[in-house]
Protein chains: 2
Amino acid sequence: MSLPRYARGVTTMRGYHHGDLRRALLAAAVEAIGESGPAALSLRDLARRAGVSHAAPAHHFGDKAGLLTALAAEGYDLLAEALSRPGDDLLESGVAYVRFAVDHRAHFEVMFSPGLYRADDPEVAAARARAGAALRGGVAALPARAAAEPARDALAAWSIVHGFATLWLAGALPPDAGRDPEQAARNVIRRLFE
Amino acid sequence: MSLPRYARGVTTMRGYHHGDLRRALLAAAVEAIGESGPAALSLRDLARRAGVSHAAPAHHFGDKAGLLTALAAEGYDLLAEALSRPGDDLLESGVAYVRFAVDHRAHFEVMFSPGLYRADDPEVAAARARAGAALRGGVAALPARAAAEPARDALAAWSIVHGFATLWLAGALPPDAGRDPEQAARNVIRRLFE
DNA sequence: GAGCATATCTTGGCAGCGACAAGATTGCGT
DNA sequence: ACGCAATCTTGTCGCTGCCAAGATATGCTC
């Protein structure tokens, strides 16, 4: 009796009798969104990718919005981790934000499309709060001259990195923005310190 | 014989025998996206709203992506108009950008979701170029001290207003950002000039 | 270690959707 | 007045999300 297809190399968070279908479906969703965007996502396609029947996903996530809710929560946790790593340097925190958006495009697109999932879900709210704390942690170490209005400065910093990331992902930037998003982002963010 | 429902008060661009279904469908799309977001858009629902059969939209737009392509082109034209009005004041151009996003949420969401439509469509490209020119026109009038690197400054300005607008529309901003997007945006954009 | 409750997954079905094909209707130009 | 082309309708197919009901495996209890 061979292992089911979706159990290959999966680290089971909670060991279920067939592996961890929940995790396999989330991974398949990231893959599918990376190929065709969140709008084209299909639960039946995810089931096929995971090698299970078309109704299996419903048991883990309820419905499509439930799956995307779990993906958004996972995304906010990944973002919190990515933002807490560079520490107190606001420039590097901003670059980390853009890098997160590029490296985890699927998560990022879902996270900021609240019409696709249940943004008021408790797990999402908790993970979002963690990411928000990490974001504010980076902004807290602003140069003194800009500390006059910290809430305003935090919003400006968030806006500029979020806007750059969004425009980059949308392919809206002109070619002269370059090919390396990190370099271009660093260049843009520096504008806040001059 | 009464006029068909969708012909009420429609200024016909090209007078077809039943009014201007094309325009009626685009208006219905704006309405539907405003209610449920672009992902939930359904051509059959638009047809019902316009009072025509389910296959009528296909003749004007080919497919769903065709309709959203037309909507994106219309959006870029509206944006170009909105950006050319405030003239040379970069602050007011930025506020106009945010106001456009809030007032034309449906257009804005589609425009920057290139997976939903054909971003390389000639009409879209032309309208996008017009909007880009209007955007650069606003940035050209930057205060002298910031004119060292105009391409970088333009990208920074675009990023900050686009990011603020996106975060506002996503409902991602904390409550202390206030209720009036224009006022909050003005406050944030001013950060670029200090 | 046998039975049972439960979580997990499958099968089957329904309504709505996008897209296509083919036919009906209307308006316009000549 | 006639014919043509643009416009719209009807019908159909495969796909999707969701629901209901049944099958299967797991782990717990004794």
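Below, chains carry the letters A, B, ... as their sequence lines are ordered, and counting in each starts from 1. Here the structure is a predicted model, which means the values were calculated and not measured.
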(request) Just do the salt bridge (Lys or Arg N to Asp or Glu O under 4.0 Å) check on A:E74 and A:R22 with the steps written out, would you? (result) CA-CA 12 Å; A:E74 189 178 72; A:R22 180 187 163 91; over 6 Å; no
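- Atom CZ in A:R48 sits roughly 14 Å away from atom P in C:dT10 (whole-Å rounding).
- Listed by chain and number, the residues in a side-chain hydrogen bond (donor to acceptor under 3.5 Å, both in side chains) with A:D121 amount to none (sequence neighbours excluded).
- Summarising the geometry of A:L169 relative to A:A101, their closest heavy-atom pair is CD1-O, 3.7 Å, with the distance given to 0.1 Å.
- Between B:L116 atom CG and C:dG18 atom P there is a gap of 13 Å when expressed in whole angstrom units.
- Taking atom CG of B:D63 as the reference point, atom P of C:dC17 lies 17 Å away to the nearest angstrom.
- To the nearest angstrom, P of D:dT16 lies 15 Å from CG of A:L67.
- With D:dT9, D:dG17, D:dC8 as the candidates, the nucleotide lying closest to the side chain of B:L21 is D:dC8.
- Listed nucleotides: D:dT9, C:dG18, C:dT10. Nearest to the side chain of B:S42: C:dG18.
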Look for any protein N or O under 3.5 Å of an N or O in nucleotides 21-24 of chain C and output each such pair with its distance, or none.
none

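- The residue among B:D45 and A:S53 whose nearest nucleotide of DNA chain C is located toward the 5' end is A:S53.
- The interatomic distance linking B:D20 (CG) with C:dG27 (P) rounds to 15 Å, in whole Å.
- Across all strands, A:L41 comes closer than 4.0 Å only to sugar-phosphate atoms, never to a base (heavy-atom distances).
- When the nucleotides D:dG17, C:dT11, D:dC8 are ranked by their closest atom to the side chain of B:H60, D:dC8 comes out on top.
- Closest contact between the side chain of B:H54 and the listed nucleotides D:dG11, C:dC17, C:dG13 involves D:dG11.
- Taking the side chain of A:H59 as heavy atoms from C-beta on, and the options C:dT11, C:dC9, D:dC8, the nearest nucleotide is C:dC9.
- Look at CZ on B:R23: it is 15 Å from P on D:dT7, rounded to the nearest Å.
- The nearest whole Å value for the distance from the NZ atom in A:K64 to the C1' atom in C:dC17 is 11 Å.
- Environment of CD in A:Q183: sparse, with no more than 12 heavy atoms of neighbouring residues, nucleotides or ligands closer than 6.0 Å.
- A straight line from CZ of A:R44 to P of C:dC17 spans 16 Å, rounded to a whole angstrom.
- B:L78 is not listed as a side-chain neighbour of B:M111, based on a closest heavy-atom distance of 4.5 Å or more.
- For A:A56, the side-chain atoms get nearest to C:dC9 when compared with the rest of C:dC9, D:dG17, D:dT9.
- You'll find the ring centres of B:F108 and B:H104 outside the 6.0 Å limit.
- Checking side-chain atoms of A:R191 against main-chain N and O of B:L192 turns up a donor-acceptor pair under 3.5 Å.
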